[in-house]
Each structure stands twice: as structure tokens, then as C-alpha cells.
Amino acid sequence: MNKICELPNSLKIEGSELTVSLFLDSKLAWFKGHFPEQSILPGVAQIDWARLYAAKIAAHNICKELPQIKFTLPLVPNETVSLKESVREVGDKSIVSFRFEVVRGGVTLTASQGRICLC
């Protein structure tokens with residue numbers, strides 16, 4: 001299974017901003033073999049999901065570059081994460097800023113963040 005597990009009624013789009021809650025089901029193919037002792041969601045999956053959701057608010061949808069990305073916390077199976085995105089149009093491209101957040105111990109933490117340039 002490699003389907004994104006979007007929580008019902010969690011997708012919110014307000015102008016150039018998007019927020020969605022995602023459940024990281026342990027059966028996601030992304031977790032297979034990454035890593036045997038503790039599965040984590042690969043960064044490539046986070047980038048792919050950010051790009052897919054960006055298509056809902058951006059004028060463009062082809063990834064041109066990733067000028068900035070930072071992974072600060074691993075995301076593990078059976079967690080719920082929030083993806084927050086905003087877009088600004090610059091000439092013939094869309095610049096999407098994204099952030100994956102997770103709540104642990106009652107505190108909201110940033111797991112990853114970055115920018116994607118779409119054309």
C-alpha cells in the first residue's frame with residue numbers, strides 16, 4: 001500500500017495556503033526496508049507528498065528544483081502529521097514553502113521543511 005492516508009475533512013485550502021492531516025499507516029510501502037530496526041518515512045516520500053499537494057494551490061506542477069530542504073525529526077509509522085503549504089507565484093514559476101509537523105508529548109514539532117520550485 002502506498003496511498004496517502006489523508007484524514008477525513010482535514011484538507012483546508014484558503015487562498016494560497018493549504019493544510020492537511022495525514023496518518024502514517026505502518027502498511028505504507030514507503031516504510032518497507034527503511035530501516036529494519038525502526039521504520040521511518042523517507043525524505044523522498046515527504047517531498048513527493050509536498051509536491052502532490054502543492055498542485056492543489058499552485059499554478060504549475062512540474063518540479064524544477066528544491067532550493068531548500070531540511071529534515072529535523074524522523075517520522076515513524078502510526079503517527080499523524082500535518083502538512084502546511086503556501087505558494088507564491090514568481091514570473092513563470094510557483095514557489096511552494098512546506099512544513100511537516102508532528103505532535104509529540106503535547107508539543108508541536110517541525111519534522112521537515114523546505115521549498116519547491118514548480119514550473
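Bear in mind the structure is a predicted one, so any value in this text is a computation, not a measurement. For the numbers below, each heavy atom of this structure counts, side chains included, while hydrogens, waters and symmetry mates do not. In what follows, residues are counted from 1 in the order of the sequence shown.
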Flag for E101-T108: side-chain donor and acceptor within less than 3.5 Å: no
Cluster overlap L52 with I57, hydrophobic side-chain contacts below 4.5 Å: yes
Validation row: V96, Y53 side chains within 4.5 angstrom (heavy atoms): no
Closest heavy-atom pair and its distance - S94, A59: OG-N, 3.4 Å
Atom pair CG/CZ of L83 and F98 - distance to nearest 0.5 Å: 8.0 Å
Residue pair E89, V87: steps toward the side chain to side chain contact (heavy atoms under 4.5 Å, CB included) verdict: CA-CA 7 Å; E89 301 298 328; V87 64; 3.8 Å; yes
What pairs of donor and acceptor atoms, side-chain ones from residues 12-20 against any protein atom, are under 3.5 angstrom apart with sequence neighbours left out?
residue : atom : partner : partner atom : Å
K12     : NZ   : N9      : O            : 3.2

Linked, directly or transitively: L73 and F100 (ILVMFWY side chains, under 4.5 Å): yes
Close side-chain approach of T80 to L22, heavy-atom, < 4.5 Å: no
Joint hydrophobic cluster, F23 plus W49, side-chain heavy atoms closer than 4.5 Å: no
Nearest-0.5 Å distance, CD of residue E79 to CD1 of residue I40: 11.5 Å
CA sep, side-chain torsions, deciding dist, call: F71, I47, side chain to side chain contact (heavy atoms under 4.5 Å, CB included): CA-CA 11 Å; F71 299 98; I47 294 166; 4.3 Å; yes
Common cluster, L109/I69, ILVMFWY with side-chain heavy-atom separation under 4.5 Å: yes
Side-chain heavy-atom pair L75, L24 within 4.5 angstrom cut-off: yes
W30 and V44: CA distance, side-chain angles, deciding distance, side chain to side chain contact (heavy atoms under 4.5 Å, CB included) verdict: CA-CA 9 Å; W30 289 109; V44 69; 3.6 Å; yes
Separation between OG1 of T72 and CZ of R99, rounded to the nearest 0.5 Å: 11.0 Å
Smallest separation among heavy atoms of K27 and K32, with atom names: O-NZ, 4.0 Å
Would you give me the side-chain donor-acceptor pairs under 3.5 Å for residues 110-119, sequence neighbours excluded?
residue : atom : partner : partner atom : Å
S112    : OG   : Q46     : OE1          : 2.6
R115    : NH1  : Q68     : OE1          : 2.7

NZ/NE/NH1/NH2 to OD/OE distance under 4.0 Å, E85 and K56: no
